[in-house]
Amino acid sequence: VRCANVRGARRYRRTGPARAMSRYLLGPRCLLWMANQEPATLQWFSTIRPLDCIVSDLSMAIAKAAVAEAFHDLRDRNEWFSLLDALYANLRAEGASMLTSVDNKVLERFIEWRNFAPLDSQGPQGTAPLAQDLRLLIATADLLKVCYTEPANLYLAQAAARGVTVHAL
């Protein structure tokens with residue numbers, strides 16, 4: 001999570017023609033990058049329609065947990081929370097689907113993904129098994145047959161090799 005550009009961040013808008021190629025389950029880092037106006041994410045978002053997006057409450061909770069862990073200054077943390085809340089409201093207003101619960105079918109698919117290996121996250125400390133909350137999101141995308149969208153990471157290629165449609169920003 002970057003702190004740069006948090007103050008003065010704008011509400012993002014679609015700038016190009018919309019194309020509907022798939023439905024996209026937005027991962028937590030995707031939401032963080034959207035809230036922070038990251039160019040790669042804004043470029044991608046300008047090519048799709050908001051109503052082709054699915055925002056999971058789990059993705060939002062993971063994003064907020066990452067902010068809480070990264071920012072000890074209450075002002076910065078609250079600013080990020082406000083940006084994420086505004087993003088959520090904006091996506092909802094523009095027609096994105098909101099995924100607010102996990103049903104038994106997703107949990108059954110999660111059983112398949114829970115211990116699947118290799119499914120590794122690459123970070124500054126090296127490579128580690130992917131967290132269970134992200135595995136639950138991948139299981140959701142797999143079950144719904146939607147495209148899981150996040151900034152590039154090793155686990156996206158590994159999930160794609162198992163048949164999940166992914167988009168790496």
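Heavy-atom basis, side chains included; hydrogens, waters and symmetry copies ignored.
- Ser82 places a side-chain N or O within donor-acceptor distance of the main-chain N or O of Asn78, the cut-off being under 3.5 Å.
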Trp113 and Phe110: CA distance, side-chain angles, deciding distance, ring pair (Phe, Tyr, Trp, His ring centres under 6.0 Å) verdict: CA-CA 5 Å; Trp113 283 97; Phe110 173 66; 9.8 Å; no

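- Proximity of Tyr155 to Pro118: side-chain heavy atoms (C-beta onward) are nowhere separated by under 4.5 Å.
- In terms of modelled atom types and a separation under 3.5 Å, the side chain of Gln37 and the main chain of Leu42 share no donor-acceptor contact.
- Separation of the Trp44 and Tyr24 ring centroids falls under the 6.0 Å cut-off.
- Cluster membership for Leu26 and Val106, using ILVMFWY side-chain heavy atoms within less than 4.5 angstrom, is not shared.
- A side-chain N or O of Arg23 and one of Ser97 form a donor-acceptor pair less than 3.5 Å apart.
- Side-chain N or O atoms of Ser121 include none that pairs as donor or acceptor with a backbone N or O of Leu130 at under 3.5 Å.
- In terms of hydrophobic clustering, with Ile, Leu, Val, Met, Phe, Trp and Tyr side chains grouped at heavy-atom distances under 4.5 Å, Tyr88 and Trp33 are assigned to a common cluster.
- Aromatic ring orientation, Trp80 versus Phe71: parallel (interplanar angle below 30°, classes split at 30° and 60°).
- A 4.5 Å side-chain heavy-atom check between Met60 and Leu84 finds at least one atom pair inside the cut-off.
- Separating the CZ atom in Arg162 from the CD1 atom in Ile138 is a distance of 10.0 Å, to the nearest 0.5 Å.
- Between Leu134 and Pro28 there is a side-chain heavy-atom pair separated by less than 4.5 Å.
- Counting only distance, with no hydrogens or angles, the side chain of Asp73 and the backbone of Arg75 share a donor-acceptor pair below 3.5 Å.
- Salt bridge Asp142/Arg135: absent, no basic N to carboxylate O contact under 4.0 Å.
- The distance from atom CG of Asp133 to atom OG of Ser56, rounded to the nearest 0.5 Å, is 10.0 Å.
- Contact check for Val55 versus Leu99: no side-chain heavy atoms found under the 4.5 Å cut-off.
- Judged by distance alone, with hydrogens and angles left aside, the side-chain atoms of Gln132 form a donor-acceptor pair with the main-chain N or O of Arg114 at under 3.5 Å.
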For salt bridge (charged side-chain N to carboxylate O under 4.0 Å, His left out), just list the numbers for Asp85 and Lys64, CA-CA rounded to whole Å, side-chain angles, deciding distance to a tenth of an Å, and then say yes or no. CA-CA 10 Å; Asp85 289 341; Lys64 286 184 173 184; 2.5 Å; yes

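- Note: Asp103 CG to Glu108 CD = 8.5 Å, rounded to the nearest 0.5 Å.
- Considering CE of Met98 and CG of Leu91, their distance stands at 5.5 Å, rounded to 0.5 Å.
- Looking only at distances, a side-chain donor or acceptor of Glu150 sits under 3.5 Å from a matching main-chain atom of Arg29.
- Side-chain contact between Ile48 and Cys53 is present, with heavy atoms from C-beta onward closer than 4.5 Å.
- For the atom pair Thr41 OG1 and Leu169 CG, the distance stands at 4.5 Å (nearest 0.5 Å).
- Looking only at side-chain heavy atoms (C-beta outward), Ile54 and Tyr148 stay at 4.5 Å or farther from each other.
- Here the CD atom belonging to Glu112 is positioned 12.0 Å from the CG atom belonging to Leu107, to the nearest 0.5 angstrom.
- Considering only heavy atoms from C-beta on, Leu137 comes within 4.5 Å of Leu58 through its side chain.
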